[in-house]
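Single-structure report; data block below.
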Amino acid sequence: MSRAVCPGSFDPVTNGHLDVIERTAGLFDEVVVAVGHNMAKNALFTPEERHAMLEEVCADLPNVAVSLFRGLLVEFCTERGIEVIVKGLRSAADFDYELQMAQMNRQLRGVDTVFLPTAPQWSYVSSSLVREVAGLDGDVAAFLPPVVAERTRGRVAERKGSQSP
Ligand code: PNS
């Protein structure tokens, strides 16, 4: 039984993430999408909200489960018998950052990382850019699964509402 993890912040999950998750589900028997619990100051969604959205958008992938994790990713992998971390790579900048993490994770616990090149149509899409565009009232529908786009619009509107004088 081959097991892989697709870890990330997923704030929010994008079409690029989903593409990597779907392709990973085709390569491994079981896939866990692991949502990091670290709360960045500018987070749009709580870890629980990100988890819930991922469960919805992965519902039609029978070998994919979604889980929250805290602490080291390699400890999460070791506890669950997961041998491989899968990461999408959009660019050389991603590679420089991801290579260092991959080497550290292998050194810490012998967990290897496999890189999947992001589908070209999503190579410029990131959660942070989506948050920025949505926060400035841009249309992010093309980059997100429909349910995520709707909740992103709702969350941005809520935040703006609570800031008005
Ligand atoms: O979507 P992101 O923000 O690139 O996800 C990064 C994430 C959550 C996968 C990464 O920060 C991570 O693995 N965090 C867990 C803590 C950890 O194991 N740190 C050591 C990495 S070598």
Side-chain angles (χ1 to χ4, degrees), residues 2-25 27-28 30-58 61 64-135 140 142-145 147-149 151-152 155-156:
S2 61
R3 290 195 188 95
V5 65
C6 291
S9 302
F10 304 108
D11 185 37
V13 56
T14 67
N15 288 338
H17 289 131
L18 198 52
D19 172 63
V20 169
I21 294 166
E22 284 168 354
R23 286 157 62 200
T24 305
L27 294 169
F28 293 86
E30 285 181 6
V31 177
V32 178
V33 178
V35 184
H37 214 285
N38 298 359
M39 285 291 291
K41 270 189 186 161
N42 64 345
L44 197 55
F45 294 103
T46 65
E48 291 75 17
E49 288 169 333
R50 294 180 237 156
H51 178 275
M53 283 188 280
L54 275 158
E55 283 207 316
E56 283 184 57
V57 301
C58 295
L61 300 171
V64 174
V66 185
S67 187
L68 287 169
F69 79 101
R70 289 175 191 269
L72 284 176
L73 177 62
V74 287
E75 296 303 334
F76 177 86
C77 292
T78 305
E79 282 160 17
R80 292 177 174 238
I82 295 171
E83 308 100 354
V84 178
I85 298 167
V86 176
K87 290 285 191 88
L89 283 188
R90 289 166 300 195
S91 64
D94 274 358
F95 178 75
D96 286 345
Y97 173 62
E98 295 293 347
L99 177 66
Q100 203 180 2
M101 284 207 284
Q103 290 169 330
M104 177 61 81
N105 284 330
R106 184 154 191 270
Q107 182 63 31
L108 287 171
R109 278 295 198 165
V111 182
D112 253 318
T113 299
V114 168
F115 296 126
L116 286 185
T118 298
Q121 69 266 38
W122 309 125
S123 64
Y124 61 94
V125 175
S126 67
S127 297
S128 57
L129 269 187
V130 163
R131 291 196 301 274
E132 181 172 337
V133 171
V140 291
F143 318 123
L144 303 174
V147 65
V148 178
R151 275 181 221 165
T152 299
R155 177 53 48 85
V156 168

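Every number for a ligand or one of its atoms is a count from 1 in the order of the listing.
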With no hydrogens and no angle check, is any side-chain donor or acceptor of Arg90 less than 3.5 Å from a backbone partner on Val125? yes

What is the closest protein heavy atom to atom 10 (C) of ligand 1, and at what distance does it sit? Met101 SD, 4.3 Å

Hey, is atom 4 (O) of ligand 1 under 4.0 Å from any protein heavy atom? no

For atom 20 (C) of ligand 1, the protein heavy atom that lies nearest, with its residue and separation: Leu72 CD2, 3.9 Å

Heavy atom to atom 7 (C) of ligand 1, shortest distance: which of Gly36, Gly8, Gly71 holds it? Gly8

Using a strict cut-off of less than 4.0 Å between a Lys/Arg side-chain nitrogen and an Asp/Glu carboxylate oxygen, indicate whether Arg80 and Glu30 qualify as a salt bridge. no

Does Arg155 reach the side chain of Pro12, with side-chain heavy atoms less than 4.5 Å apart? no

List every atom of ligand 1 that sits less than 4.0 Å from any heavy atom of Phe69, numbering the atoms from 1 in the order shown and giving each element. 15 (C)

Under 4.0 Å from a heavy atom of Leu73: give me the atoms of ligand 1 that qualify, with their elements. 13 (O), 17 (C), 18 (O)

4.5 Å side-chain heavy-atom contact, Val33 and Val13: no

What atoms in ligand 1 come closer than 4.0 Å to a heavy atom of Met104? 22 (S)

Using a 4.5 Å cut-off on heavy atoms from C-beta on, say whether the side chain of Leu61 contacts that of Glu22. yes

Interatomic distance, Asp11 atom CG to Glu49 atom CD [nearest 0.5 angstrom]: 9.0 Å

Checking heavy atoms under 4.0 Å, the part of Leu108 that sits near ligand 1 is neither

Atom 13 (O) of ligand 1: any protein heavy atom closer than 4.0 Å: yes

For atom 2 (P) of ligand 1, which protein heavy atom lies nearest, and how many Å away is it? Ser9 OG, 3.5 Å

CG of Leu68 to CZ of Phe76, rounded to nearest 0.5 Å, is 9.0 Å

